[in-house]
Amino acid sequence: MDLNIKVNDKNHLDIGGADACDIVEEFGTPTYVIDENRIRDNYNRFYNAFSKYYPDFKVFYACKANTNLAVMKILESEGCCIDAVSPGEVHISKMLGFSGDRILFTGNNITNDELKFVHDEGAVLNIDSVSALKRLAKIVDPEGLKISFRVNPMVGAGHHDHCITGGVMSKFGIMGLEAVEVYSLAKKLGFTPVGMHSHIGSGILDPEPFKLAIESTMDIAGKVHQEAGIDFEFVDFGGGVGIPYTPDEKLLDLDKFAEINIALFKEKLEEFDMATPTMYLEPGRYLVGDASVLLVSVNSVKESYRKFIGVDAGFHTLLRPAMYDSYHHIVVANRMDAPITQKVDIAGNVCESGDLFARDRLMPDVEENDVLAILNAGAYGFTMSSNYNSRPLASEVLITDGEANLVRERERFEDLYDKQIIPSHLK
Ligand SMILES: Cc1ncc(COP(=O)(O)O)c(C=O)c1O
Ligand SMILES: N[C@@H](CCCC[NH3+])C(=O)O
């Protein structure tokens, strides 16, 4: 089994050297627990796999997966760069010490003010449409400004339809067919286009679509190089590498994946006589997904038409199961040796029938006050959480070599209305 699960000698879940039960005692539930060393290991495994075959390689962490400041700081200290998709992500990255040249901004449907903000922060703009290109030319001085374009490689893949970002139905990027024209227009406007970007989707464990996307993106880049005279400083193939969520899923063989894709990349560079641009990849999930668990407490066990295990979190805490029907493996953190005895539904505390973490899940006997650990919660977990049902956001704890530090306080009730204003006639 490729899931990241460790058990200590008390038969409790071990998270980065800390006992899950001790964490719950100190910080309560629901709490996201982040293992610092796992993030560092994931980053280095990823970086080394590709740089071994192509040293001119950079990792841009897709921080939409997890913008916890400690997580971002860890990756900053490893030398990682940032894939940002909003001015907020650019702001956070700058605040944490990422210089503008370490931030690639890939916005979709952004306003002039946002374009200007990102430009003024010094991030590199990866343009998504001709509309954005023309607007940018009017609001900043285009002369010599290095930019890049996101292209649609007409290859899409992902763990769910909502997570497929290439192909005819996708709102992202410019068409390959118009690329020569768009890069030429950018040059005419005074810009210096130096990059090409594509991203086909998220949560992909099959290597084939990546190969097809690299081939297609490089065919577009080669044509743009030859027909629009663009010398690429970088080509960015986005993120999307999946992680195992179920016990049956296997980790991608990263070394083989890197070897095959870099051979293909080099072949294409040679075919189009393209020198050696830096290769960028933008993993989000791969770097942080299996580095966190969400700890929740069982508060009720109900036998009605089905058996429900009720916990003190819901889809406001972790949306993926409700939104994508995503599988997250769930273990009883305080009795890791308990044998499987039953099939149950694991339900959250939100007033919606779809608020389930698992349906018909094989589990041991579960009792009130047990602690459940929802695994692989590090990517698109906290960042997609909300205050729905007026539930305060969960706390986050970072484990460093077994030591626990609170890195986000649990919200208080006051935080639920902190930004609201009651007009005077209602006071
Ligand atoms: C442009 C871009 N890059 C990178 C990513 C990261 O994806 P993942 O977390 O699947 O690696 C995403 C999200 O799908 C994205 O939209
Ligand atoms: N939110 C998705 C991933 C989307 C990636 C963003 N382009 C998930 O939880 O799997």
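In listed order, ligands and their atoms are each counted from 1. The first residue in the sequence is number 1, and the count goes up from there.
- Contact check on Asp255 versus Lys52 returns a salt bridge, with a Lys/Arg side-chain nitrogen under 4.0 Å from an Asp/Glu carboxylate oxygen.
- For the ligand labelled ligand 2, residue His162 lies outside the 4.0 Å heavy-atom shell.
- What sits closest to atom 1 (C) of ligand 1 on the protein, heavy atoms only, is Glu282 OE1, 3.6 Å.
- By the criterion of a heavy-atom distance under 4.0 Å, the side chain of Ala62, and not its backbone, is placed next to ligand 1.
- Residue contacts with ligand 2 do not include Gly203, since none of its heavy atoms lies under 4.0 Å from the ligand.
- Of all protein heavy atoms, the one lying nearest to atom 10 (O) of ligand 1 is Ser202 OG, 2.5 Å.
- Residues Asp113 and Thr111 bring no donor and acceptor atom of their side chains to less than 3.5 Å of each other.
- For Ala379, the heavy-atom gap to ligand 1 stays at 4.0 angstrom or more.
- Within the structure, ligand 1 lacks Phe172 among the residues with a heavy atom less than 4.0 angstrom away.
- Proximity of Thr165 to ligand 1 is not established, as no heavy-atom distance is less than 4.0 Å.
- Protein heavy atom closest to atom 13 (C) of ligand 1, with residue, atom name and distance, is His199 NE2, 3.3 Å.
- Ligand 2 lies less than 4.0 angstrom from a heavy atom belonging to Arg285.
- Here the heavy atom of the protein found nearest to atom 8 (P) of ligand 1 is Gly240 N, 3.4 Å.
- The protein non-hydrogen atom at the shortest distance from atom 9 (O) of ligand 1 is Tyr380 OH, 2.6 Å.
- Counting heavy atoms of neighbouring residues, nucleotides and ligands inside a 6.0 Å radius, atom NZ of Lys211 does not exceed 12 of them.
- The closest approach between a heavy atom of Met384 and any atom of ligand 2 is below 4.0 Å.
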